[in-house]
Amino acid sequence: MTNMRSLMCGQVDESHVGEELSLCGWVARRREHGEHLAFIDLRDHTGVVQCVVDGAADLRSEWVVRITGTVRNRPEGTVNDQLATGAVELGGCAIEVLSRAEPPPFPLDDRSGDVDEVVRLRHRYVDLRREEMQRNLRTRARIVGAIRRSMDEQGFVEVETPLLIASTPEGARDFVVPSRHRPGSFYALPQSPQLFKQLCMVGGLDRYYQIARCLRDEDLRADRQFEFTQLDAEMSFADQEDVLEVISAAVDAAAGTVTGEAIGEVERMRWVDAMNRFGSDKPDIRFGMELTELTDLFVGTGFNAFTASSIKGIRHPGASSATSRTRLDDLTDSAKRWGAKGLVWMRVETGDDGELILNSPVAKFMTDAELSGVAQRLGAEEGDLLFLVADDWATTTHVLGLLRLELGRPPTDDGVLRFLWVVEFPLFETIDPDTGRPVPAHHPFTMPHPDDIDLLDGSPEQLTSVRSQAYDLVLNGWELGSGSVRIHRSDLQQRILDLLGIAADEAAARFGFLLDAFRYGAPPHAGFAFGVDRLVALLLGVDNIREVIAFPKTQSGTDPLTGAPTEIDAAQLADLGLRPLPPQG
RNA sequence: GGUCCCGUGGUGCAGCUUGGAGUGCACGCCGGCCUGUCAAGCCGGAGGUCGCGGGUUCAAAUCCCGUCGGGACCGCCA
């Protein structure tokens, strides 16, 4: 293999019996039996092999050693079935210590519970030796390789786009890099290669892709880091169907490296259906508990809290007896934190005459018709819990969507992969109450749905009902990525910019180079990007992308290993023409 | 910007509700014994600012306030 070693630890088997081998690795464990016998478990990323020393072995955990010995079958009765190499051992070993090591700061086997993540991150180089981290990073590499091969095979050309780019005010908060040559001016690090990949289309690359690092200075979460990796792609002379097909193939290749099977045809759902049925634009469709429309049951109701424009409910089957009043109060508090005015819960019970009874503090404010309507609409059965929210449509769906996840979401590692295309996103999110202008839901270059273009001239209500040719890929309730068909005609682009209230000079200043480019022959094009970290995490069944990133940051954006972010010295600041403000307060 | 949870020898936990000597468990570490173990075993030992600061109290790991660090989430992430 190399001059130093002849085989990897995990590869030693009965076919090597009689061979003298040199193996290198870390001392995983040692079992010493006095002056005459010692067992050393030698570990590298491929596994562990037992090495026998006929004497004392002056070794400690995690020392780095080179062991030379002869492979032999283990004596009868000492074969270890738990170990892949357990039928053989390296005998008559001579040991060369390559590096001594202090005791590891935390156990490297899986014997204890989860180690504090800060301790792991501070000593990430030790953490990475653990089998789980090796698996995660090596699987990640195979997934990225599969994605690359898939895109290559589909005729996409990998192009690197710049990391130091011009800041654009919309979207996420930029990370920013001061310019030494032009003090007071800054580069931004890309939130995504969005504009560059569209320039690639104008440039005739036809099909672009990149495994791209993206940076966004927003608050971190289990599925969000400052910097993350996307498969970014764009294709010319293509529509939404073409993009969905290409990306589905790439995701299928990625999933196949882990599951060994095809993901099949990816389901599709319109955005409006996702919101109505699941209260989310990234529904987790591994489980039911869908939202049920109840608004019409309460038209003209005497229950003041339910004189709302949108009333929906969910049913938690069989949950009543296992759910305490305290828990219900907690859920009500949660619903209020999420924006609801309140949460109505009902225990489904059976009366003496066998009739269903909805037991709830607010039942007395509802008519029998309303109560039976709720029970029937939700399909209530004895022992169920029902939850109702009455508010505007956005709040009702949002709160019940979150409640549904809180109550019914399966664990991340349940082994189920439910991919979903969410299509027909709205073109505009809302109408800004201050400016009266629509706010783009995706970005200003998103192509409206062809059937809705006439609505662009309509009322504000009509504007918010305009669908776009934007689409998201969702897996088990995580947004993997999004894309759209782009506007390539300057007249339509101008109409959208006018609607958004972006004046010509402003547009020129913000992304004029793209608009200029489009004047020189822009092919119709469409694209997509999905998060590699999230995909890898879900394929591995881990609920945190830090587990699939070699050197991640904490939730507050620090790196316990390097201490980043750090202050820089005065000379460096002066060189950049920067002076920190005095501390506030 | 906000809500909630966590912080006890190197690691993981218990102790906190109901204040009473740094009390306990497992692993690790150091030393000794040990010729077939494999989470080796047996014996002995060391190791602590109970995150930090303040308050209440005769007395605080324990109760209260603040703060720092970490995590989950809401907002935010075109």
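Letters go in sequence order (proteins before strands), and every chain restarts at 1.
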Please determine, for the side chain of [X], which listed nucleotide ([options]) has the closest atom?
X         : options                   : value
Asp41(A)  : rC29(B), rG70(B), rC38(B) : rC38(B)
Thr554(A) : rU11(B), rG71(B), rC30(B) : rG71(B)
Arg31(A)  : rU37(B), rU35(B), rU11(B) : rU37(B)
Arg60(A)  : rG31(B), rU37(B), rC38(B) : rG31(B)
Leu402(A) : rC74(B), rG31(B), rC38(B) : rC74(B)

Counting the atoms with a prime plus P, OP1 and OP2 as sugar-phosphate, which does Ala441(A) contact under 4.0 Å by heavy atoms, base, sugar-phosphate, or nothing? sugar-phosphate
Identify whether any heavy atom of Gln191(A) sits under 4.0 Å from a base atom; if not, whether one sits that close to sugar-phosphate; answer base, sugar-phosphate or nothing. nothing
Tyr187(A) OH: over 12 foreign heavy atoms closer than 6.0 Å: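 Atom OH in Tyr187(A) is not packed in, count stays at 12 or less.
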Rounded distance in Å between the [atom1] positions of [N] and [M]:
N       : M       : atom1 : value
rG19(B) : rA60(B) : P     : 13 Å
rA14(B) : rC33(B) : P     : 38 Å
rG48(B) : rU8(B)  : C1'   : 8 Å

Mind checking the CE-CG spacing from Met8(A) to Asp44(A)? Nearest 0.5 Å is all I need.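 Going from CE on Met8(A) over to CG on Asp44(A), the span is 3.5 Å.
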Flag as yes if Phe106(A) stacks onto the base of rU11(B) (centroids under 5.5 Å, planes under 30°), otherwise no. no
What do you reckon, do His33(A) and the base of rU35(B) stack, with centroid distance below 5.5 Å and planes below 30°?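 Stacking is absent between rU35(B) and His33(A), given that the ring centres and planes do not meet under 5.5 Å and under 30°.
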RNA chain B contacts among residues 212-230 of chain A, heavy-atom distance under 4.0 Å: Arg216(A), Glu218(A), Asp219(A), Arg221(A), Ala222(A), Arg224(A)
Test: Arg216(A) cationic atom under 6.0 Å from Phe228(A) six-membered ring centre, within 45° of axis: no
Given RNA chain B, 5'-ward residue of the pair His398(A) and Leu121(A), judged by closest heavy atom: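 Checking each residue's closest nucleotide, the 5'-ward one belongs to Leu121(A).
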